[in-house]
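Shown next, in structure tokens, is the structure this report addresses.
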Amino acid sequence: MKNLAPKLTADQYEKNFAELHPPFTPNSATAEANRCLYCYDSPCMKACPTHIDISTFIKKIATGNLKGSAKTILNSNWIALTCAKACPVDVLCEGACVYNARGEDPIQIGRLQRYAIDWYFEHGMPPLFTTKPKNGKSVGIIGAGAAGLACAAEAALLGFDAMIYDANPKPGGLSTWGIAPYKMMQEDALKEVKLIQSLGVKIQSGVRVGRDISIQEIEQKHDAVFLGVGLGTSSRLHIPGENLPGVVDALDFIEKVTTRNWQSVDVGKRVAVIGAGNTAIDAVTEARRLGAEQVMIIYRRTRDEMPAYDFEFELAKSDGVQFQFLTAPSRILGSDHVEAIECIHMTLGEPDEEGRRRAIPVPYSEFRIPVDMVIKSVGQKIEETFLSQIPNLKTQNGIVWVNQETLQTSNPKYFAGGDCINGGREVVNAAADGKKAAHGIFEILFPLQ
Ligand code: SF4
């Protein structure tokens with residue numbers, strides 16, 4: 001890459017990527033837990049897709065029963081540490097806390113959850129659950145992200161042999177490879193993996209289905225197959241210059257940063273990120289923290305339509321990110337490397353079929369922004385090529401179709417969950433799906449129990 005931002009010192013990188021929300025001390029955790037009103041029929045629990053019994057786990061923290069607290073959390077959610085650190089709590093549990101209606105700060109549920117789960121890992125993961133006797137059936141799970149891990153853990157508790165096949169060198173999916181280090185580090189995701197392995201789940205890492213093992217082989221080896229494959233292919237911009245050196249995909253960029261091998265991650269002095277979702281915000285904020293001098297988001301609609309959460313937007317603003325709203329890229333310019341991006345001003349028209357106002361180009365309004373690096377973050381699509389190898393697997397509107405009760409797909413041997421069935425939601429949704437699918441598999445294979 002040309003015109004790179006100068007490398008920082010090791011200390012500067014560590015400072016820039018230090019955790020945004022440090023853990024509670026024992027005293028502060030107890031004090032916060034004691035603020036909870038332990039509401040009957042608590043709205044925070046309803047707002048959590050995994051329906052953790054939040055008031056109960058908080059009460060156990062208040063009484064010093066941290067093992068019991070961890071058990072309450074993990075009983076509903078196997079991916080509890082990732083969720084504690086990376087969930088958009090402002091719009092889920094904490095957003096629903098009754099304190100908001102009183103004009104007071106909500107209970108810090110995410111940090112309390114982290115406190116209990118950190119304690120559990122620091123104390124060597126004492127056994128919490130009893131697995132059912134082996135039921136003689138096995139589940140093959142494709143993908144070691146949140147959905148796959150949750151499905152495997154729950155299947156193991158139900159007495160299945162569970163085997164995960166994952167293409168990455170380390171398991172954990174986006175928890176390991178796709179979360180900004182100032183929110184969560186790879187080591188945390190790997191602790192969750194270790195917990196799930198402790199239940200007897202086997203994981204084959206570095207195994208790409210379709211390359212190293214065929215889907216037919218997996219089908220023959222197992223009584224049911226769970227697809228926790230997420231979304232694969234990044235969407236293209238479909239504009240000239242997209243393949244120039246210096247144009248990179250946001251997930252590839254974020255993946256490099258998760259390794260914390262700072263010196264190996266190149267960033268341009270002037271960086272433009274195309275898109276305005278949470279991934280785009282992670283990429284632009286990381287670029288800034290790696291030393292880019294000028295960073296901007298280019299988005300064709302306005303702040304009101306931006307998919308990123310408010311707290312992500314505020315974080316980016318506080319890092320000095322500029323926002324170029326009502327702007328769409330039309331060309332990326334450069335001879336042998338990105339030198340500028342040509343954009344066009346947009347205006348908003350009538351709502352489209354999804355209810356979002358259409359972005360319409362303003363004629364003759366093109367202008368250029370000099371940049372050294374372009375990061376694309378305009379969404380992902382499911383891996384059609386891979387999924388087409390599974391007979392009778394129905395996809396609909398770009399996602400895998402499932403029965404919502406059991407998460408069984410149109411091919412009765414296959415179940416699915418996470419981003420491949422919802423188009424890309426939160427890790428907590430994937431965790432909920434994985435657990436639900438394991439019970440769906442049990443229901444279908446043992447209908448009379
Ligand atoms: Fe506690 Fe708030 Fe949940 Fe009520 S809504 S139980 S106060 S965290």
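Note: hydrogens, waters and symmetry copies are ignored here, and every other heavy atom, side chains too, is used. One-based numbering, in listed order, for ligands and for the atoms of each.
A centroid separation of 6.0 Å or more is found between the aromatic rings of Phe24 and Trp119. For Phe226 and Tyr414, the ring centers are positioned 6.0 Å apart or more.
Of the protein's heavy atoms, Cys39 N, 3.4 Å lies nearest to atom 6 (S) of ligand 1. The single protein non-hydrogen atom nearest to atom 7 (S) of ligand 1 is Leu37 N, 3.4 Å, given as residue, atom name and distance.
In plain terms, the two heavy atoms of Met373 and Val248 that are nearest each other are CE-CG2, 3.7 Å.
In summary, the atoms of ligand 1 found under 4.0 Å from a heavy atom of Cys44, numbered by their order in the structure, are 3 (Fe), 5 (S), 6 (S), 8 (S). Atoms of ligand 1 found under 4.0 Å from any heavy atom of Val98, numbered from 1 in the order shown, are 2 (Fe), 4 (Fe), 5 (S), 7 (S). Atom numbering of ligand 1 starts at 1 in the shown order; those under 4.0 Å from a heavy atom of Ser55 are 6 (S).
In summary, Asp304 and Arg357 do not engage in a salt bridge, as defined by a charged side-chain N under 4.0 Å from a carboxylate O. Using a cut-off of 4.0 Å between Lys/Arg side-chain N and Asp/Glu carboxylate O, Glu305 and Arg358 are scored as not salt-bridged.
Distances from atom 2 (Fe) of ligand 1 show that Cys97 has an N/O/S atom below 2.8 Å. Residue Cys36: an N/O/S atom is found under 2.8 Å from atom 1 (Fe) of ligand 1.
Under the 30°/60° scheme for interplanar angles, the aromatic rings of Phe17 and Trp262 are found to lie parallel.
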